[in-house]
Every structure is written in C-alpha cells, then in structure tokens.
Amino acid sequence: MLNNILESIPQVAIDGLTLGTVYAVIALGYTMVYGILELINFAHGEIFMTGAFIGTAMLLLLTGFGWVSALPAIVLLITVLLLTALLTGLLGMGIERVAYRPLRNAPKLIPLITAIGISFLLQDLVRFIAELKKGNYIVTGPSLFTHQIKIHTSSISSIFNDASIKTSFIIVLVSAVIMMVVLDFFVNKTRWGMAMRAVAQDRDTASLMSVNVNKVISLTFFIGSALGGATGVLFAVQYGTIDPYIGFILGLKAFTAAVLGGIGNIRGAMLGGLLLGVMEMFASANLSLLTGGVFGAEYKDVFAFIVLIAVLIFKPEGLLGKPVAEKV
Amino acid sequence: MKIWLRKYSENKLYQGLFLLLFIMVTSLSLYLAQKSVVAFLLLLTSLLLLYYTKFSNAIKWSAGLLVLVVLLPLSASGGDAYESYMEVATMVGIYISMALGLNIVVGMAGLLDLGFVAFFAVGAYTYGIFATGQAANFMPFGHYPLSGNSFWVFILLGCFAAALFGIILGIPVLRVKGDYLAIVTLGFGEIIRIIFNNLDKPVNITGGAMGIPSITPPRIFGIDLVNASQFYYVVLVILIFTIFTVRRFEHSKIGRSWKAVRENEIAAQAMGVPLVRTKLVAFAVGASFSGMMGVVFAGKQTFVDPTSFTLLESITILVMVILGGMGSVPGVILGAAVMTILNLQVLTELTNWLNELSTSGTFVIPDAVSPAKMQRLLFGALLIIFALYRPKGLIPAKNPVYKMEDLSSGNVIQLTEKKQSAEG
C-alpha cells in the first residue's frame, strides 16, 4: 500500500501544485479584502468564474480571426489575461461601490447577505448570457498548450512512477508566481501598498493621516478581483471546461486556504493555497486506498471543509497569522 | 378619501365587514373559476388583511383558522386544479415552518446559518430510511419497511434527530463568530449533502445519488395519506404547533437571552447569560422544526434524494427570513409564503404563459431566460435590495416598549402582560 502511495507521489505533487496555485491566487483576493474591511467577500469566487467566462469568450472570439492564429499562443494568452484582469477588476470595484460601501457601518450580518446576493446574481447572469450565446451553459474553451511533457521521475528513484504534465501547467505556475511576487512587492514596497496596510491597521487613523480610505478600498477590490479574474482564465486554459457554478465551491476552498494560512496575511494565503491544493490532491488520490475503499475521491470536498473547521477551531489565527486579542 | 381611510383603520365593524366581503368574493371566485391563480392568491391575502385588523387575537386566530381549515380547501375543491392548489398550500406550510426555525437561529440569536437545509435533510432521511427496505441493509433486527402508522412517531424522531444534529453542529462552531460561522455552517450543509450522496457504499444506507424511492405513505385510522389535500391538514397542525411554540419561546427567558446574545455577546455574558447553552438551544430548537417538516416532506413526496437539499434551498429559506424581517414571526410567515408561492406558482405560471406566447408566435422567448430558471437571479436581487433598502424586512420585528412613568409607578407586570397578549 505504501508503495502505491509513493509511486503516485510525483503526479500528485504536480496536480496538487497546479490546483494549489489557483487556490493561492484566489485566496489572495479574500485575504486582502478581509485584511482591510474584515468582510468575507463571498462574491469573490463568482468574480473568478466570470473571469473564466470572459477569458474563454475572448479566446474563442480571437482564435476565430485568421490573422490572430498566426501570433504565438502565448502572446494571445497574455493579452487576454490582461484584458480580463482589467474587466474583472472593474467589476469588483463596482460590486464594492454598490453592495458593500453603503453598508460599511451596518451590522456585520448585512454585507454578508448582500455578498451572497451578488454571487447568486452573477451566477445567473453568466449562465444566461452563456446559454443565450452557446445554447448551453457548460462551455469548452479552445485547446491551447495541450502538449504533454513526460518527466522521468523514476530515474531519480525507482519507487516513483513517471509523471506527465501539460504545457499549460507551466504557464499557470509561472503566471501565478509572477502575480504573487508583483503583489507582494506592491503591498510591501510602494506608497499605495503602504496606504493599504495603513487602512488595514486602523481606518480612522489612516484617514487622519490624509490617506483616501475609499480610494484605497476600491483599489484593494480592483487588485483582488483582477487577480481572481486572471486566475479564472488560467483555470479555463488548464482544465478546459467551465460552468457558472465552478466559482462557488472553488471560492470556498480558496477561502479555506486563506484561513489556513492566516486570514489577512498575504504570504499566508499563498502558503495556505499551495498546502490545501497538495493535500486535496493527495486525499483524492489515496483516500480510497488508505481506508480500504470505504471513502473514495468523492469525499475530497468534505476533506477541504474538515480542514477549514479544524483550523477555525484549533488554530483560528492560521499558520502565519498572529493571534489577535478581541477588543471589547 | 383620507377621512375614509382613517375611519376604516379605526372602526372594527368596517374592517370586519370589508374582510368578510373580501373573503366571500375571493373564495366564491376561486370556487367558480378554478384556473384562477389570482383568486387563490387573493384568498391567501385575506389572512394578511386579517393580521392588520384591530380585532383581538382570539378572533383573529379563529377567523384565520376558519379560512385555512374550511374555506380554502372547500373553495379550491371544485375542479381539477384542487390537488395542485393544495400542493402549493402544503409546501407553503412546510417552508413557513422551516423559515420560523431559521428565524430563531438567524433572526433571534443572530447566528448566520447557511446550511440550514441539512436539518431538513436529516428529518427526511430519518423517515425515508426506516419506511423503506433500506434500513434492512444495516439494521440487524426489526422488519422493514415499517408500516405507515409509524409516521406519527417519526415526526417526533425526526425532530429529535435534527435537534441532535443541531447540537453536533453547534459544539464545534461555538468558538467561531460572525462571518466564520456562516462559512462553517455552509461547509457543514455541504458535508451532510455529500455524505448522503455517497452513503450507498460500503453499506447502502441512503441509496446514494439514486435516492430512496417508494417510501411508505403515512397511515391514520386505516387510511393511507397520499394526496396533497390530506397532507395539508398534517402540515397545518404542525405549523400551528410551530407558531405557538416559537411565540412562547420568543417571550420566554431563553428568547430574551437569544436577543441579548444577538445584540452584544460580551455584554450578554457579563449579565449572566450562559453563552454556550443559549446558542446550542437556538441551534437545536431551530433545527427541530426543520426536522419535523423533513419527515412530512419525505412522507408526502414518497421519494428523497440529495438534490432536494442543495445550497440553493438553504439560501431560499434565508431569503424568506430576510424578506419578512429578521426576528419577526409574522414577517417571516409572510416572507415564506410570498417566496414559496413566487417559486411554485408565479414563476411556473409566467413560464407557461411565455411558452404559450412563443408557440402561438406572438414573440419568441429563448429558453435561457424563462422565469422558472431565474430563481437565483431573483433571490440574489431580493437579498441585495432588502439588505440595502429595507434591512428590517416587510414586517419589522417589534419589541415591547415601556414608558418611564409606568415603570416608576410600579404597574410593570400588568403592562408587560398586556403587551404580550396584544402581540402573541
């Protein structure tokens, strides 16, 4: 049994990393908004989904033109990524303006309810635009980067099996890493980043120090949503098929990742995402083996939720967060 | 006009006459024009009008019961649409009961629960498993399926099972607050659904994604209950019990503790409200109504499967509570009735109408935008609009108000009693 598990480890690690980077970048959106407003932006998963649809639509549209297919696919992808990021960023800003800003001083329950409302609204809007245009809300994008690469992990040690990766995996990984590094630089080294951290620490004092709080919050939503939308495109490229309901469960898992790393902590979100991705892939590959067939891969969602509940109960500040005493 | 309105709002006789006329006209038109959904809805609206009249509670209750027990079934019974009207009325009752349960958790205790349908599922499966051969797969003793007579015991068992699950959920989530609580309960709801969806192996308990078919219908005095018109009365009895219980809870010590915890947890704790017990009781009581209705639902549908218990259902119940007014019992009843009728009748009628229009060629509506599919859009929009512009809902919750003079003159007890009887 141990041998079987070891054999599959290279493949599990690669799949887990792919999924983990997706989680990590989405988790960034949750964690940034939470850090600054102490609000769980429930609609973030739907922004990711909208990004996936916008990106796929653009890719389908652009690959239809003859002259575009002459361009290298990577140029096409980068254009689409940037455009989608811009659009979803604006969408995020709009959502904040309409649904969260008027409620900033309301009881905490109320913005959460509008967030759920927004996420349902987006799901259905995307569904019927997709259904109107394509006749079906499950959309398959153009297949780019499907070249398979075999890694001979068996040459490292004979207990491993060979693993195979798609070219898109490398693209997902590289773009996600670039996004995270740029974000980390932005937040920690620039003036706007400093303003963001200031608002996260104390909104009132920051506004006294001539920080434009509303602008900073808008910016936070823009960046978080742009990252989420771009990840949506990457997800569509990597996994091919998308539907309007992917955002919800994925968003929930990304939130789990953010909590696992310590919510409000940007590096924590990255770590949490990668960890959760790898753990989930490991669970879905080996759960039935470990439990003698009683539980199978269908319980991998349950697994993620159990991680969430366990973290919230035993270490609510997460792996990298600092415990905060409650203000009375 | 204004004078007339004022006179009307002050004079009981006018109100009574108008209401009587209204009820008679609507029930007659429902009896004569069987296809008229409008008449059916108007007859239900009379209950709302009744709520706003100035009669004493006893009169209101007996008039309401008269309409629900006698008039509604009688005037709907004239034609083929009888069972479908009763089906809607039964579902309204089931949802009102669940919404009242969620109202305790969200509205009174302030704990946002996004996985509430899980308790409904627990109730439904409790009866489903034992009223079919399913239980024989893992129970070494007893003969299954149980007879329909056991249904009445199972209403209680479903209630207890759901309350137990409420406590099981409650214990781990007590340490998390606010938004985290929402996420954890959502996760819990999904976990329950996934488990029910996959529990067909290693031992087949829930039938997995196939669900449990042909559940034994309930039996009373040798009669099998199979029609919606029969279940209507079962639901009505449980519903009245629920409303009564919720009212009693609201004005009891535990009800006041819930509200205290909702307003400020720390202050409540400092005043000696036991946090853990208060929250757990809220979860258990809220869940138990759901569990009871779950049993009824299983008996009525004679079929349960995991697709009836998705997140959309939980959100629907939440919309009912928000729409009606968090913490307000009459509001939640109104909200649940409006949402259920919207869902089951108005949207389907609209869809049928649009389909007829497009088949007759007046104009073509693409299938993607048919109203029956727009539930999510509609619920989402309702949640946003109500949260932004009317966070207290259609009928806001009322708290008893005390005047300073009355308090100092010492007749507080009388005053509160009067208040309560006026409200409850």
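Every chain is numbered from 1, with letters handed out A, B, ... down the list of sequences.
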Task: Contact leader toward chain A among Asn264(B), Val319(B), Leu311(B), Asn197(B), where contacts are heavy-atom pairs under 4.5 Å - done: Leu311(B)

TODO: Please name the pair of heavy atoms, one in Thr114(A) and one in Ala387(B), separated by the smallest distance, quoted to 0.1 Å.
DONE: CG2-CB, 3.4 Å

Task: Residue Leu103(A) versus chain B: region with a heavy atom under 4.5 Å - done: side chain

- [ ] Under the ring-ring contact (aromatic ring centres under 6.0 Å, His included) rule, collect the residues that match up with Phe48(A), sequence neighbours excluded.
- [x] Phe235(A)

Open item on the list: side-chain contact (heavy atoms from CB on, under 4.5 Å), that's the test. Do Leu377(B) and Phe128(A) meet it? Break it down for me.
Closed with: CA-CA 10 Å; Leu377(B) 186 84; Phe128(A) 71 62; 4.2 Å; yes

TODO: Identify which part of Leu114(B) has an atom lying under 4.5 Å from any heavy atom of chain A, answering side chain, backbone, both or neither.
DONE: side chain

TODO: Provide the closest heavy-atom pair for Gly117(A) versus Ile384(B) in the form atom of the first, atom of the second, distance.
DONE: C-CD1, 3.8 Å

Open item on the list: Please classify the contact between Leu382(B) and chain A as side chain, backbone, both or neither, with a heavy-atom cut-off of under 4.5 Å.
Closed with: neither

- [ ] Output the distance between atom CG (Leu252(A)) and atom CD (Glu190(B)), rounded to the nearest 0.5 Å.
- [x] 7.5 Å

Open item on the list: Once side-chain hydrogen bond (donor to acceptor under 3.5 Å, both in side chains) is applied, do any residues pair with Asp124(A), and if so which ones, sequence neighbours excluded?
Closed with: Arg127(A)

Open item on the list: Please classify the contact between Tyr245(A) and chain B as side chain, backbone, both or neither, with a heavy-atom cut-off of under 4.5 Å.
Closed with: side chain

Task: Distance, nearest 0.5 Å, that separates CG of Leu121(A) from CG of Leu383(B) - done: 10.0 Å

TODO: Kindly check if the number of other-residue, nucleotide or ligand heavy atoms within 6.0 Å of CZ (Phe379(B)) is above 12?
DONE: yes

TODO: Select one option (side chain, backbone, both, neither) describing which atoms of Leu308(A) are under 4.5 Å from chain B's heavy atoms.
DONE: side chain

Task: Smallest separation among heavy atoms of Leu388(B) and Ala99(A), with atom names - done: CD2-O, 4.3 Å

- [ ] Can you tell which part of Leu186(B) gets under 4.5 Å to a heavy atom of chain A, answering side chain, backbone, both or neither?
- [x] side chain

Task: More than 12 heavy atoms of other groups within 6.0 Å of Arg97(A) CZ - done: no

- [ ] Pick whichever of Ile315(B), Ile322(B), Val184(B), Val106(B) has the most heavy-atom pairs under 4.5 Å with chain A.
- [x] Ile315(B)

Task: Contact leader toward chain B among Ile129(A), Ile113(A), Val98(A), Ile309(A), where contacts are heavy-atom pairs under 4.5 Å - done: Ile113(A)

TODO: Answer whether the closest heavy-atom distance between the side chains of Ile110(A) and Met326(B) falls below 4.5 Å.
DONE: yes

Task: Heavy-atom proximity to chain B below 4.5 Å, by part of Leu39(A) - done: backbone

Open item on the list: Heavy-atom cut-off 4.5 Å, strictly under: side chain, backbone, both or neither for Ile118(A) against chain B?
Closed with: both

- [ ] Begin from the C-alpha positions of Ile183(B) and Phe255(A) and carry the test side-chain contact (heavy atoms from CB on, under 4.5 Å) through to its verdict.
- [x] CA-CA 9 Å; Ile183(B) 300 264; Phe255(A) 176 77; 3.6 Å; yes

